[in-house]
Structures are given as structure tokens and as C-alpha cells.
Amino acid sequence: MLPLMDLLDRAEALSGDADRADLLERLRHARRRLHDPHVRVLVVGELKQGKSQLVNALVNAPVCPVDDDVATSVTTVVGWSAAPTAVLIGLPPSADGTRDVDPARLRRTTIPIDAHSRCVAERRAPDGSPVDCSEVGLPRHVLAGGLVLVDTPGVGGIGSAEGAATMAALPSADAVLLVSDAGQEYSAPEIEFLQQALAVCPNVACVLTKTDLYPHWRAVADLDRRHLQRAGVRAPLIPVSSNLRLLAARRQDRDLHDESGFPELIRYLRDEVVDNAGVLARRSVAHDVLTVTDHLLMAGRAQLSALEDPAGGETLIAGLQTGRQNAGELRRRSARWQQVLQDGVTDLTADIEYDLRDRLRRIGREAEEAIDETDPGPVWDEFDEWLGQRVRATVAANFVWAHERAQWLAAQVAAQFDATDIALPELVAGDDDEALELVARLERVEVERVSRTQKVIVALRGSYGGVLMFGMVTAIALGMSLINPISVGVGVILGGRAYREDKANRVRKRQAEAKLAVKRHLDEVVFQVSKDSKDRLRRLQRVLRDHFSTRADELVRSLDESIRSAREATRTGPDERAGTLGELRARVADLEQLRADAERYALPALEAVPA
């Protein structure tokens, strides 16, 4: 990193001498990017697959709760620090009793590292406040390169209760580890999750855990590889045993450590994740330095040429003015590009909302069919869980599709610019995992309790007419009393029928209430998720607009500076020319040397980047 920091220092000094605040801002942004070494790796998977134990084994510390009856319910971020630290993060309740989602009001509670697992498992800080996520810092060699492990709650496939939040976090991740134990081959939800994850985060690896518990793990690994091949998922499969890794660490046993499979996993994280992220960062910074020196050289060389050849100064200025006109055309083309972007965002917003509504309509029809087939009251908890999974699966799929379309739109907009020095910016989605948290829960359909007395009253009310009617008929026709065995028998039959009809009416009432609750819930999902999608696309529009407008403005200003410097040079007298030439030649030589150094440093990074 030191050579890059030296390049940035030299580039900033030369940009400051040239009074180019725009280029200075670009270099400061590159410096901030270089100073952020964090490489986020999401550890995802279904419940009870060994995710938390995998993280514990990687860092050789029990920082994540592991128990047969305890599942990870909050996200835990594990990174490097000089001393062990643990911080619990929670959203405080607002005045109306709801959770306040303002990030500025996050409550951070520092706790002893040995209390972290218990607090995370209970989702409660020592003072009783709720915990939404946690951060752990450890002095571990595996984390020293900037690696950050994110232990996520069990996703249960793409359609789980936590799947939408996990999918929303994928664009900001450098890599994803899908964890599945060796007890059985991949399920359909896991394969679906892998396909969705690869569409958002291309660096995905599969980790097969608990190989020490299942003697047939090699057969399961072969089956999983065939499933991945049939699904078109290009991801490495790494079998590991967290228990063997922890045991090897306690015994300092190298052979046991190799048998655990963790050397291959650590090698993947170091070579394929951390090193590649560093290569991409170095390439980006080197490209920024090269671009800045090109802009500065444009003015310096123009002024130097005009000083060295005053007679050809007018020809040089004419050529620069032609370039200035071309740059102006670039700026005008950006105006047309903004219209293309606006139209694209409008169409994309409509398509995404239609896709979401269409998916939710199908869920609504399935829910109504399920409600019509049974009494929703006794099975409402199971129905609520099923509906929640289907809704989150739909939102996650809609999110992935929107992300793919956004990338496509960015490429289409970038095609409007044919300037070779204008690159496509990185498009990273923000934290959108709170979209479904703002959706009100599905209204509960209560089962009305009917006491035995109420049942008897309903039956008597239905049997009263039958007893009276058939009692009178038998009294007149047969001379029997009003209440006789025939009238009583008919009354019992009609009373049972009345009770069954009353029960059926109560079921139909619950079915109608359930359908109305589902409709209101799906409408709320459409309202919240559509708002979230529109916000995401507006951010995309601003990122693209600002990026390309800034690049075009830099080019126009560099040409303006070149024209101004060349004109000043042509007006320089012979006495001043000699002194100015020496100073200008030295500055141009410094710029050319800086560019050569940046180019030499960028070449290895460019060659190391995978296709």
C-alpha cells in the first residue's frame, strides 16, 4: 500500500499546484477507498447447519452462540482489532412504541467478550434493551488482512423469514459462504438461494460442514457437486469439520488441522477473496492517479509546446479548441443521456412494481384457495408462517431481478458515452433489509370460543320450531301430547342441523376475515416494498448522473486550462520564456514520471484481476 500512498501524495501535490480542486476531490475519494481494507464475507445457510460454529472455528473463539436449542437470531460481524471487543447494537423504541429505524439513534452497548454469546442468544443487552446486531473484534491473523465475517440468521432458503434481509445485504458483500451440513444433499431452496446469490454477488463458495459426524460425507459432497453442475452454479465446494479445527487448535495438532479441511477454506478466503479485493482496490486507485496525471499533462504539455514553438501556438490552440468543442459535445450528449436514464428508470420502476404485484397476486390466489379448503382459525399460526415465507421469497426474487435490471440499465447508459476514460461506476445497493420490518404483521383471525351452554342454546333454538310443529301435527292426527317421542326426535335432528349450520357460518365468517386480512397484508407489502424499490432506483439514477457529469466536467475544464495556458504562453516575452521553460519542463517531467510510476504499479494489478 505504501507505493500507492506515495503516488497519491505526489498526485495531490501536483493537483494543488495546478489549482484543480475537482481532481483533488477525486484523489481524496481514492485515498478513502484505499484506507478501507474491509472485505465482507457473508456466512449464510439454513438453520442448524453449523454457520456459527464455522465462524467460531475460523477465529478460534466462541464468539457466536452454538447450542442444540439456540439459533442465531441476530447478525454478528466479526473483524480484526488489537484487543478483544464486543458491542451490541439496537434500535431504541420510539414515542409511539414502535422500533425507531433512524441509524443516527442506534444504541451501542460495549460488553465483555465472554458475555457476547449469551446476549446474542437472548437478544437482550445486560440492561434489558433489545439487540438487533452485534460487532466483535479479535486479534486474529486470519482477520488481519481486512477480512470481516458476517454470521447471519438462518435463511431457510430463499423463502425464509430472514431471506429478504440476507438478499438485501448481498450487493455490499465481497463474498458469500453458503453453509450446509453433510447430513443430506442440497435442497431445492438452497440451490435456488445459490442461483439468486450469484446474480447479485458473483464470488460465492459452498461449505459442507460436520464431516466428522457423517461417515458418508464424501457421497453427499459428490451429490452436491452434481446438483451445482446441473443448476449451472459455478462455485467451489469445500468440506470442513469445525470440531476438528477447534480440537486441533487446542492440541496444536497440525495433522488434525489439515484433516479438518480448514486450510483449503482459509486459502480460498485469502487468495480468492481478500487478495482479489485488494487487487481491485489498487487497480481503481492506480486508474484514478493515471487519469489525474493525464488531465494535468494536457495543460502542461500545451503550455510547454506553445513556449517552445511560439510560431505554432495558434495551430496548437486551434487543435485544443476543436477538442474543447468535442468535449462540449460530450456534455451535450450527457444531457441526452440523462433523458435516456430518466426514461429507463421510469420504465424499470413500472416493470419492477408490476412484477411484484403479479407475484403477490399469485400468492393471494393460493392463500384464498388454502383458506377455502379449511377453517383458518385453528391453523392460523402455520398459515401465517407459510404466507410470510412466500412473501419474503417473492420480495427477495423481486429484489434480485431489480438489481440485475439496474446493472443492465447502468451499462445501457454508459454506452451513451464513447469517451475511453469514462468508466462505469460501482453500483452497490444500500441497506434495504428494513423494508419488510415496516410492514404490519398479518392480522390474527381468532377462533371464537363457544361454551357448552351456547351450543345447547343454539341447538334448542333450532329444535324449538321442529318440536312445536311436529308436536301439533301428531297431537291433531294421532291424539298424542305436544311433546312426544316423534316431535322430540325431529327436534333433536333439527337442533343438530342448526348447530352444524351455526358452526359452518362461523367458519365462513373466519374465512372471509382471513381473506380480508391477507388482502390488507399484501397491499401493505406492495406499498412498502414499492417505496423501497423506487428509492433504490432514484439512488441509482443519482449515482450515474453524478458520475458521468463529473467526468465530463473534468475533461472540459482540463481542455479549458490547456487553451488558457497555451494562450498565455504565446503572449510570453523572450525574456520571461527562458525562466518559465525550465520550471515548466520540470513540472511536466514530474507528471510524466508520476504517470510512468502509476502505470508500472497498475500493470501487475490489472494482470491479476480474473476475467
Practice item. Decide yes or no for Thr209 and Gln53: does some side-chain heavy atom of the first lie under 4.5 Å from some side-chain heavy atom of the second? Key: no
Check your understanding: Can you check whether Ala57's main-chain N or O pairs, donor with acceptor, with Arg245's side chain at less than 3.5 Å?
Key -> yes
Point to revise | Step-by-step side chain to side chain donor-acceptor pair (under 3.5 Å) determination, Ser180 to Glu190 | key: CA-CA 9 Å; Ser180 179; Glu190 287 175 316; 3.2 Å; yes
Practice item. Applying ring-ring contact (aromatic ring centres under 6.0 Å, His included), name anything that partners Tyr214, two or more places apart in sequence or on another chain. Key: His216
Exercise for review: For Ile238 and Gly261, work out which heavy atoms get closest and say how close.
Suggested key: CG2-O, 4.2 Å
Review point. At what distance, to the nearest 0.5 angstrom, does CG of Leu178 lie from CG of Leu194?
Key: 4.5 Å
Review point. Can you name the nearest heavy-atom pair linking Pro139 to Ala82, along with the distance?
Key: CB-O, 3.7 Å
Point to revise | Passing candidate, side chain to side chain contact (heavy atoms under 4.5 Å, CB included) with Val44, options Thr152, Leu177, Val204, Asp151 | key: Thr152
Check your understanding: Looking at side-chain heavy atoms only, is the closest gap between Asp253 and His257 below 4.5 Å?
Key -> no
Study note, to complete from the structure: Rounded to the nearest 0.5 Å, the CG atom of Asp597 sits from the CG atom of Leu7 at a distance of 6.0 Å
Review point. Can you tell if the side chain of Val77 reaches within under 4.5 Å of the side chain of Cys133, non-hydrogen atoms only?
Key: no
Check your understanding: Is the side chain of Gln49 donor-acceptor paired with the backbone N or O of Asp181 at a distance under 3.5 Å, no angle test?
Key -> yes
Review point. For the residue pair Leu88 and Ser134, what are the closest heavy atoms and their distance?
Key: CD2-CB, 3.9 Å
Practice item. Could you tell me the separation between the CZ atom of Arg140 and the CG atom of Leu147, rounded to the nearest 0.5 Å? Key: 13.5 Å
Exercise for review: Quick one: do Thr76 and Val55 satisfy side-chain contact (heavy atoms from CB on, under 4.5 Å)? Show the steps, please.
Suggested key: CA-CA 10 Å; Thr76 300; Val55 174; over 6 Å; no
Revision key, fill the gap. Taken to the nearest 0.5 Å, the spacing of Ile89 CD1 from Ser129 OG works out to 12.0 Å
Check your understanding: Any side-chain heavy-atom pair from Thr211 and Glu259 closer than 4.5 angstrom?
Key -> no
Review point. Less than 4.5 Å apart, any side-chain heavy atom of Leu24 and any of Glu12?
Key: yes
Check your understanding: Charged N to carboxylate O below 4.0 Å: is that the case for Glu135 and Arg108?
Key -> yes
Check your understanding: Can you find a heavy atom in the side chain of Tyr186 that is under 4.5 Å from one in the side chain of Cys206?
Key -> yes
Review point. Would one find more than 12 heavy atoms of other residues, nucleotides or ligands at under 6.0 Å from atom CZ of Arg251?
Key: no
Review point. What distance separates Lys210 NZ from Leu54 CG, expressed to the nearest 0.5 Å?
Key: 11.0 Å
Review point. Going through the distances and angles, do Cys64 and Val120 end up as a side-chain contact (heavy atoms from CB on, under 4.5 Å)?
Key: CA-CA 8 Å; Cys64 299; Val120 168; over 6 Å; no
Review point. Taking side chain as C-beta onward, heavy atoms only, is Asn203 less than 4.5 Å from Tyr268?
Key: yes
Review point. In Å and rounded to the nearest 0.5 Å, what is the CG to OG1 distance from Asp590 to Thr293?
Key: 12.0 Å
Practice item. Could you tell me which non-hydrogen atom of Leu58 sits nearest to which non-hydrogen atom of Val142, and how far apart they are? Key: O-CG1, 3.5 Å
Practice item. Determine which pairs satisfy side-chain hydrogen bond (donor to acceptor under 3.5 Å, both in side chains) with at least one residue from residues 80-90, sequence neighbours left out, and list them in order. Key: none
**Study point:** Residues Leu356, Ser530; criterion side-chain contact (heavy atoms from CB on, under 4.5 Å); working and verdict
**Key:** CA-CA 8 Å; Leu356 178 66; Ser530 297; 3.9 Å; yes
Point to revise | Under the ring-ring contact (aromatic ring centres under 6.0 Å, His included) test, residues paired with His141 that sit two or more places apart | key: none
Check your understanding: Taking C-beta and beyond as the side chain, do Pro130 and Arg124 meet within less than 4.5 Å on heavy atoms?
Key -> yes
Review point. When you look at Leu27 and Arg31, which way does the side-chain contact (heavy atoms from CB on, under 4.5 Å) test go after all the steps?
Key: CA-CA 6 Å; Leu27 292 171; Arg31 185 183 294 274; over 6 Å; no
Study note, to complete from the structure: Leu213 and Pro215 have their tightest heavy-atom pair at O-CD, 3.7 Å
Review point. Is it true that Arg218 and Asp222 make a salt bridge, defined as a side-chain N closer than 4.0 Å to a carboxylate O?
Key: no
Practice item. Taking all heavy atoms of Phe262 and all of Val240, pick out the closest pair and write down the distance. Key: CE1-CB, 3.8 Å
